[in-house]
Asks: 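Sharing a structure here in structure tokens format.
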Amino acid sequence: NPDGLTLLKAHADLFDIENHGANHLPAIIGVERSVYGLAGVADLKQLKREVSGGAEAVKAATGIAPRWYRGATGEYDADALKAIEAIGFKVAGFSVNADNGATLEKKRIVARLKKVRSGDIIIAHLNKPASDTGKGMAEGLQLLLDHGFRFVKLNDAEVRPLQKRG
């Protein structure tokens, strides 16, 4: 999405472009395991390729090496977390899923954002322009600003530890 990338890069004061993986695979070891219908990676070698490949793509597109990683589902098992951190990445989670993968209507996105508390990390999917995400996020984030919230990038925040799965 070159237009989206250009827009994000033009607002480097607001956005860091980080690593979400090369092929959108969950950071769960074992193809027999799944999260949201997505099978886990076959082994640690595949996970390392997923993380490293995503990082290489971000650096190629932006000129900046990413520092954070968030797997396809935002869920991790203990072995995956150790491997990702050993590669040198901080692992990012989220506490508010604003749009359920760009599937929610605007009013439901706004309703979710109205429940945000200080310290929450919001995830949304602005990569689907036909969805209501953009409009819902614009309205909901403005409401939060009107209530005195301020937004920070991950590198500027005190991030809570992730909950480990299995």
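Being a predicted model, the structure only gives us computed values, none of them experimental.
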Asks: Roughly how far apart are E75 CD and L38 CG, rounded to 0.5 Å?
Replies: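 Separation between the atoms: 10.5 Å.
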Asks: For residues N155 and W68, is any side-chain donor paired with an opposing acceptor at under 3.5 Å?
Replies: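 The answer is yes; a qualifying pair exists.
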Asks: Show your reasoning for whether side-chain contact (heavy atoms from CB on, under 4.5 Å) applies to I122 and L113.
Replies: CA-CA 8 Å; I122 302 166; L113 292 176; 3.9 Å; yes
Asks: Show the nearest heavy-atom pair for residues R49 and A22, with the distance to one decimal.
Replies: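 Closest pair (atom of R49, atom of A22, distance): O-CB, 4.4 Å.
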Asks: Which heavy atom of A92 sits nearest to which heavy atom of L154, and what is that distance?
Replies: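 Where A92 meets L154 most closely, the heavy atoms are CB-CD1, 3.7 Å.
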Asks: Ignoring hydrogens and geometry beyond distance, is a side-chain donor-acceptor pair present between N100 and R112 at under 3.5 Å?
Replies: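 Their side chains do contain a donor-acceptor pair, which is all the 3.5 Å distance test asks for.
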Asks: Can you hop from L143 to I109 via hydrophobic side chains spaced under 4.5 Å?
Replies: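 No, separate clusters.
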Asks: Indicate if F149 and L141 have the same hydrophobic cluster label, given that clusters are the connected sets of ILVMFWY residues with side-chain heavy-atom separations under 4.5 angstrom.
Replies: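 The answer is yes; both residues are in one hydrophobic cluster.
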Asks: Would E18 and R70 pass as an ion pair if we require N to O under 4.0 Å?
Replies: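 Result for this pair is no, no salt bridge flagged.
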Asks: Check the pair I28, V41 against side-chain contact (heavy atoms from CB on, under 4.5 Å), reporting the backbone distance first and the verdict last.
Replies: CA-CA 6 Å; I28 304 292; V41 295; over 6 Å; no
Asks: Kindly give the heavy-atom pair with the smallest separation between Y76 and Y69, and that separation in Å.
Replies: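 Where Y76 meets Y69 most closely, the heavy atoms are OH-O, 4.0 Å.
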Asks: Can you tell me how far OG1 of T103 sits from CG of D132, rounded to the nearest 0.5 angstrom?
Replies: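 Reported to 0.5 Å precision, the distance equals 10.5 Å.
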Asks: Same cluster or not: I84 versus L44, using hydrophobic residues (I, L, V, M, F, W, Y) connected whenever any side-chain heavy atoms lie under 4.5 Å apart?
Replies: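 Yes.
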Asks: May I ask whether L144 and V110 are part of the same hydrophobic cluster, defined by side-chain heavy atoms of I, L, V, M, F, W, Y residues being less than 4.5 angstrom apart, directly or through others?
Replies: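 No, it is not one cluster - the side chains of L144 and V110 are not joined through contacts under 4.5 Å.
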Asks: If you count heavy atoms of other groups shown closer than 6.0 angstrom to NZ of K135, is the number above 12?
Replies: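 For K135, atom NZ is not crowded (no more than 12 foreign heavy atoms under 6.0 Å).
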Asks: Taking all non-hydrogen atoms of both residues, which atom of N23 and which atom of E50 are closest, and how far apart?
Replies: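 Closest approach of N23 to E50, heavy atoms only: N-OE1, 2.9 Å.
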Asks: Cluster partners of V58, using ILVMFWY side-chain heavy atoms under 4.5 angstrom, listed by chain and number?
Replies: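 Under the 4.5 Å side-chain rule, V58 groups with L5, L8, L14, F15, I17.
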Asks: Looking only at heavy atoms, what is the nearest atom pair of A61 and K9, with distance?
Replies: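 Heavy atoms only, the tightest pair is O-NZ, 3.2 Å.
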Asks: Taking atom CZ of R108 as the centre, does the number of heavy atoms from other residues, nucleotides or ligands within less than 6.0 Å exceed 12?
Replies: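 Counting other residues, nucleotides and ligands, CZ of R108 stays at 12 neighbours or fewer.
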Asks: Membership question, hydrophobic clusters at under 4.5 Å side-chain separation (ILVMFWY): are F89 and L81 in the same one?
Replies: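 Yes, L81 connects to F89 through the hydrophobic network.
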Asks: Let me see the working for K90 and R67 under side-chain contact (heavy atoms from CB on, under 4.5 Å), right down to the final yes or no.
Replies: CA-CA 6 Å; K90 295 178 183 179; R67 296 162 287 201; 5.6 Å; no
Asks: Specify the closest pair of heavy atoms between F94 and I123, including all atoms of both residues, with the distance to one decimal.
Replies: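 Looks like CD1-CG2, 3.4 Å.
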Asks: Might you work through the salt bridge (Lys or Arg N to Asp or Glu O under 4.0 Å) test for D77 and R33, ending with a clear yes or no?
Replies: CA-CA 11 Å; D77 61 27; R33 300 174 69 196; 2.8 Å; yes
Asks: Check the pair D99 / M137 against side-chain contact (heavy atoms from CB on, under 4.5 Å), numbers first and verdict last.
Replies: CA-CA 9 Å; D99 68 346; M137 291 298 292; 5.9 Å; no
